[in-house]
Amino acid sequence: MRPLVLKGGRIVTMDRERRVIDADVLVRDGKVEKVGRIGGRADGQTVIDCKGLIVLPGLIQAHIHLCQTLFRGLADDLALEAWLAKRIWPLEAAHTEESVYWSAMLGAAELLLGGTTAILDMETVRHTGAAFEALESIGLRATAGKCLMDAATNPASLREPTERALQESADLCSEWHGAAAGRLRYCFAPRFVPSCTGPLLRAVSDLAERAGAVIHTHAAETPLELQMVKRDTGNDELSYLDSVGISGPRAALAHCVWVDGEGIARLARQKTNVVHCPSSNLKLGSGIAPIPEMLAAGCHVAIGADGAPCNNRLDAFEEMRTAALIQKPRLGPESLPAAQVLELATLGGARALGLEAEIGSIEVGKRADLTVLDLSGPHAQPDEADLISRIVYSARAADVRHVVVDGRVVVKDGVLKTAKIEEIRRAANAQARRLRRAVGF
Ligand SMILES: [Zn+2]
């Protein structure tokens, strides 16, 4: 790949000093080689003019279900349990390899066009290989995993024998963990405690440890879930997850809405990653996660849009703004300020993916995942305003001009370069129609 220069932008580095500097960024072999003044154009360089634009570390969403993108708008205004049982599980069960592929393409296109460069993804129980193929071709950085559901209480259409589920996970891990020159990674993804047996969860912990992979699951999303776990295991959910080895820096727990002071102290002590999904928590009526309390206790927190049917956007800007706003009626307007929210969507996400040494900030030696914003629109003016405030409170996905992942320009001038958006739209619509006919609603 030819060296790439992003010339003349304002760089929000997210480095240790949180420097914002006017500089060029030189990218070679997928990495940031220099941040500073880059002299005259050398032969063979690709130059992108970033004058008047803002260069951010690529945004990271640490909880996404690409397999659900085709379900957007098919499961609105329901509580989590009905949302899952009546809509999401039947739709997931109706997926084919082709529909998983186009669901991933549609979701990944939306993410890239909106400035998200890396995700932690949970697929469904079948056809996870097809999602990886989509991710490989479209150029998003992703850590994805097959969803694990082996408990007797699961719908028969998705339940799998424990051994078979684990074997397929291990096979997918050997095939995809580190693929596309390290851009793709595997995660072990038990759906949530009520969907999984104890032996499966313990085995997942061992497999992830051995493979150096992340464990991606949901936790403490609703009071009903907590009651179910208490009834089945006699334990509160976070202690139970810890007892089966799902805690610590290797674990990413989506939601954690219903966590008390003791739970927060445990998450902080063990450095377990919490993935905050504010829009999803609001739309499903799950509640407001105590994120400021978690951050004050030293918890590691990332952010994510969750799946398209519970959001219904996969827009990192929307999640940042909502994350900040929903805390303010509860704890006052000073809580969760913009600068802290931007950390969740960059450094926090990198940590949840286990990639804090590689992404999350614009620094020499890190992978070149970059999002270039045009904040000249009236909604993000005047320029005089605080830049971080404009990014978190004013910017939207449509302000994304260019996106680079692993040194490759995947979005240029607001246009996806790695796939044809018309083709994605056509195929995704055909697959969504087929799914809807298959489930009969
Ligand atoms: Zn989820």
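Order of appearance sets the numbers: ligands from 1, and atoms from 1 within every ligand.
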message: Consider salt bridge (charged side-chain N to carboxylate O under 4.0 Å, His left out). Of R87, R126, R191, which one does E92 pass it with?
response: R191
field: Note: R396-D315 ion pair, threshold 4.0 Å (strictly below)
entry: no
query: Ion pair present between R164 and D150, side-chain N to carboxylate O less than 4.0 angstrom?
result: no
- prompt: Only one of I288, L284, N281 forms a side chain to side chain contact (heavy atoms under 4.5 Å, CB included) with V257, so which one is it?
  reply: N281
H255 and H218 aromatic ring geometry - parallel, tilted or perpendicular at 30°/60° bounds: parallel
- prompt: What protein N/O/S atoms are found closer than 2.8 Å to the Zn ion (ligand 1)?
  reply: H63 NE2, H65 NE2, H218 NE2, D306 OD1
- prompt: Of T217, N273, D306, which is the lone residue that meets side chain to side chain donor-acceptor pair (under 3.5 Å) with H63?
  reply: D306
